[in-house]
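Remarks on the structure that follows.
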Amino acid sequence: MLSPSYPVLTERLLLRPITEQDIDPMLEYKSREDVVRFVPYKPLSREEITERVAGIWSRTELNEPGQAICLAVEERATGRLIGDVVLFWHSAEHRSGEIGYIFSPAVSGQGYATEAAAALLRLGFEDLGLHRIVARLDERNTASARVAERLGMRQEARLVRSEWFKEQWSTGLIYAMLDEEWVRSAWR
Ligand SMILES: CC(C)(COP(=O)(O)OP(=O)(O)OC[C@H]1O[C@@H](n2cnc3c(N)ncnc32)[C@H](O)[C@@H]1OP(=O)(O)O)[C@@H](O)C(=O)NCCC(=O)NCCS
């Protein structure tokens, strides 16, 4: 069970539940072919974002495995929405989960995705009590791999041309971190 007290603050960012006010700023990056190239959906329309904001992105706590919380990420200095992140709870028995992240190209190269993902690891390990958290990505998504590596996640698997993804074979990488690694992490 995870019921964070919002907002979740980091040095430069604020993570909070997604609201209707986020639809337009989200549309700016989630409607872009280049931004969603390696995420499991096509460029989203305003209607599709609106539907998700009212539906799967409205969850604010995790009550059982199989659920995920998506959070908006704001830049504290300006209050603008710069991206969003997701924490999946996969299994109670194995205490396993997964993180994901997508940010506006307008803020790339400042370490914001890494800082927000570190906050998700903290929620997963320290508040939900997970034992292992993974990040799964396409090998061509080198910026995402660098985020996982900066977080101190280890590459555990390279699944060669394993998934038919957006009309091409995708080679998947699995990065992971254990709770005992998290306690030694500089991001903690
Ligand atoms: C994946 C994604 C979030 C990475 O964005 P990013 O801007 O490269 O990542 P960060 O915000 O963590 O910034 C890291 C960069 O900022 C630099 N940086 C500057 N200031 C920094 C700081 N204070 N702290 C950390 N890094 C800093 C780092 O050196 C790094 O640059 P490098 O990758 O060239 O070495 C982004 O490319 C994206 O949203 N892609 C589309 C969606 C997607 O594919 N999501 C992942 C699916 S698996």
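All ligand and atom numbering here is 1-based and tracks the order in the structure. Computed from a predicted model, the values in this text were never measured in an experiment.
- Checking T50 against E47 by side-chain atom types alone, no donor-acceptor pair falls below 3.5 Å.
- M177 and W89 fall within the same hydrophobic cluster, defined by Ile, Leu, Val, Met, Phe, Trp and Tyr side-chain heavy atoms under 4.5 Å apart, directly or through other members.
- Sorted by chain and number, the heavy-atom contacts of ligand 1 below 4.0 Å come from R12, V35, V39, Y101, I102, F103, S108, G109, Q110, G111, Y112, A113, T114, R136, L137, N141, A143, S144, R146, V147, R150.
- Annotation: side chain to side chain contact (heavy atoms under 4.5 Å, CB included) contacts of H94 (sequence neighbours excluded): S91, S96.
- Note: E115 CD to L13 CG = 4.0 Å, rounded to the nearest 0.5 Å.
- Grouping Ile, Leu, Val, Met, Phe, Trp and Tyr by side-chain contacts under 4.5 Å, direct or through others, puts Y29 with I18, I23, M26, L27, V35, V36, V39, Y41, L44, I49, V53, I56, W57, L81, I102.
- Checked against ring pair (Phe, Tyr, Trp, His ring centres under 6.0 Å), F88 has the following partners two or more places apart in sequence or in another chain: H90.
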